[in-house]
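Heads up: numbering here begins at 1 and tracks the sequence. Note: hydrogens, waters and symmetry copies are ignored here, and every other heavy atom, side chains too, is used.
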Amino acid sequence: MASNAPKRVTLRRSCQACVRGKRRCDQRWPRCSRCQARRIDCEYINIPLPAGPDASNATSHVVRRASSVSDLPIHRPLPLVIMKGYDADIISFLIAGMRSFPTEFAKNMKTDFIHPDLYQSSEASTVLQNVRTLCRLHSQARQGDNTTSLTPLLQQHCAELLRKSGRPASFQELLACIQSLLILQCLLILDEKTDLGPYSETISTMLSNVGRRLWQKAPTQLSHTMSPREAWLFAESVRRTIIVAFMLRSVYSLLKRNYSVRTPFVDSLPFDVRTTLWDTDDGVWDDATPVSLENMVSLQQYSSLLESGAVYGISPFSALILAACKGKAVSDVPYPPVAGYKAY
């Protein structure tokens, strides 16, 4: 008798043969090293997205094989570092965009990488509420031109969040801690009235580490009780938070040293080009067909689509991605005829 119970959504990254053999999988594509040596078929539930020149072909294969928007993995970071310098206008745009996150969070408890509908547990909600209070205090202090008096309190809370993220009660709490930490770092390192001194490798390393920690701790399975919207918000929040962590790291480097340091790990992250889904209400979610993977690409591919003018109606978050990944403003995008746009 067939069961009508919903299937469990999986985020497993190893191939099926390594899972059955309880062996470590290096997740190579199209076959991992172990399957290659044994000359057997290598099947992935979640097919890796490469960051190399074959990414477009691999992505189309992912679309055919994957079954859920949450199936796309977050991949092993690569050690290679890329250094870039940007125009002053682009740096100013990125700094202004990152500074807007705490202001938006203080008003609505929501940003382009934090969604309040994701958190149901009191622990995670409390973490975010405390940081929202600090953001409001900072806004009030800014009006009185006295933000420097809050610096010790913000630094202390950042240290507490960093410690708490080392032993979270749940992954949702870990995500909330890191998101809160990023919001406070936006206040500290980007405040024009707060001089934290010269470039600090400690701050840069911390921002990189929290992004990698989210990837390392991401659960291999999501509860089958999650609705499609909850599963999408969960996966997209993790991806966006990692992107913002590395984006803030680059903006900090641009601010202090006039060049940024990035890794291909960020470029290989999967990204949903349907950015408008982030603000879609639960009542109209079914019309958005969130289970489709036809609109999932790597961040590198998405930034290239933005750069080429293939995306119509670029959102503020997409504009930040374009500036951070390509060093370009939306006004520099060569818009093709309307018939040439992709339906994003």
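A 4.5 Å side-chain heavy-atom check between V273 and V311 finds every atom pair outside the cut-off. At a threshold of 4.5 Å between non-hydrogen side-chain atoms, the residues E236 and L277 do not count as touching. Within the 4.5 Å cutoff, no side-chain heavy atoms of V330 are placed close to those of L306. Taking the side chain as every heavy atom from C-beta outward, T275 and R240 approach each other to under 4.5 Å. In this structure, R239 and P270 have side chains that are in contact, with non-hydrogen atoms separated by less than 4.5 Å. Between V131 and L161, some side-chain heavy-atom pair lies under the 4.5 Å cut-off. A 4.5 Å side-chain heavy-atom check between L322 and D332 finds every atom pair outside the cut-off. In this structure, the side chains of T276 and S315 stay at 4.5 Å or more apart for every pair of heavy atoms.
Under the 4.5 Å side-chain heavy-atom criterion for grouping Ile, Leu, Val, Met, Phe, Trp and Tyr, Y199 is connected to V251 within one hydrophobic cluster.
Checked by atom type and distance alone, the side chain of N130 pairs as donor or acceptor with a backbone atom of T126 at under 3.5 Å. Panel note: side chain S237, backbone L233; a donor-acceptor pair is recorded below 3.5 Å. Looking only at distances, a side-chain donor or acceptor of S92 sits under 3.5 Å from a matching main-chain atom of A88. Side-chain atoms of R31 do not come within 3.5 Å of backbone N or O of Q36 as any donor-acceptor pair. In terms of modelled atom types and a separation under 3.5 Å, the side chain of D87 and the main chain of D89 share no donor-acceptor contact. Under the 3.5 Å distance criterion, the side-chain polar atoms of K84 are matched with a main-chain donor or acceptor of C325. For R99 (side chain) and L94 (main-chain N/O), no donor-acceptor pair under 3.5 Å exists by modelled atom type. A side-chain donor-acceptor contact under 3.5 Å links D26 to the backbone of S33.
What you find for C186 and F101 is that their closest heavy atoms are SG-CD1, 4.3 Å. The nearest pair of heavy atoms linking A176 to L128 is O-CD2, 4.0 Å. The shortest non-hydrogen separation linking C42 to C32 is SG-N, 3.3 Å. Here the closest heavy-atom approach between residue G309 and residue V333 is recorded as CA-CG1, 3.2 Å. Of all heavy-atom pairs spanning I314 and S318, the tightest one is CG2-CB, 3.5 Å. Nearest heavy-atom pair across R132 and A106 is NE-O, 3.2 Å.
Here the CD atom belonging to E173 is positioned 10.0 Å from the OG atom belonging to S180, to the nearest 0.5 angstrom. For the atom pair CZ of F271 and CD1 of I243, the computed distance is 5.5 Å after rounding to the nearest 0.5 Å. Taken to the nearest 0.5 Å, the CD1 atom of I95 stands 7.5 Å off from the CG atom of L254. Once rounded to the nearest 0.5 Å, the distance linking CE of M109 with OH of Y119 reads 9.0 Å. A distance of 8.5 Å separates CG of L187 from CG of L134, quoted to the nearest 0.5 Å. Atom CG of L207 and atom CE of M247 lie 12.5 Å apart (nearest 0.5 Å).
Residues passing the ring-ring contact (aromatic ring centres under 6.0 Å, His included) test with H115 are W278, sequence neighbours excluded.
At a cut-off of 3.5 Å, with distance as the only test, a side-chain donor of Q301 or S298 sits close to an acceptor on the other residue. If you check the side chains of R249 and S253, you find no donor sitting under 3.5 Å from an acceptor. Between the side chains of S200 and K256, no donor N or O sits under 3.5 Å from an acceptor N or O. No side-chain N or O of Y252 forms a donor-acceptor pair with one of S260 less than 3.5 Å apart. Residues S100 and T103 have side chains that never bring a donor and an acceptor to within less than 3.5 angstrom of each other.
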Worked check of side chain to side chain donor-acceptor pair (under 3.5 Å) between T205 and S208: CA-CA 5 Å; T205 301; S208 174; over 6 Å; no

Derivation and outcome, ring-ring contact (aromatic ring centres under 6.0 Å, His included), residues Y86 and Y259: CA-CA 7 Å; Y86 290 149; Y259 66 86; over 10 Å; no

Chi angles and distances behind the side chain to side chain donor-acceptor pair (under 3.5 Å) call for K326, S304: CA-CA 8 Å; K326 301 296 184 179; S304 296; 3.3 Å; yes

Derivation of the side chain to side chain contact (heavy atoms under 4.5 Å, CB included) call for S165 and L181: CA-CA 9 Å; S165 67; L181 180 63; 5.8 Å; no

CA sep, side-chain torsions, deciding dist, call: V266, I242, side chain to side chain contact (heavy atoms under 4.5 Å, CB included): CA-CA 8 Å; V266 184; I242 295 173; 5.6 Å; no

Test log, rule side chain to side chain contact (heavy atoms under 4.5 Å, CB included), inputs L174 and I178: CA-CA 6 Å; L174 171 63; I178 292 179; 3.8 Å; yes

Stepwise salt bridge (charged side-chain N to carboxylate O under 4.0 Å, His left out) check, E104 with K110: CA-CA 6 Å; E104 295 171 0; K110 179 181 178 181; over 6 Å; no

Trace of the side chain to side chain donor-acceptor pair (under 3.5 Å) decision for Q179 with T241: CA-CA 7 Å; Q179 289 175 334; T241 301; 3.0 Å; yes

Pair L299-S268, side chain to side chain contact (heavy atoms under 4.5 Å, CB included): steps then yes or no: CA-CA 6 Å; L299 186 65; S268 66; over 6 Å; no

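Taking the six-membered ring for Trp and the full ring otherwise, F317 and F113 have centroids separated by 6.0 Å or more.
In the displayed structure, R23 atom CZ is contacted under 6.0 Å by at most 12 heavy atoms of other residues, nucleotides or ligands.
Judged as a salt bridge (charged side-chain N to carboxylate O under 4.0 Å, His left out), not a single pair has a partner in residues 32-41 (not counting sequence neighbours).
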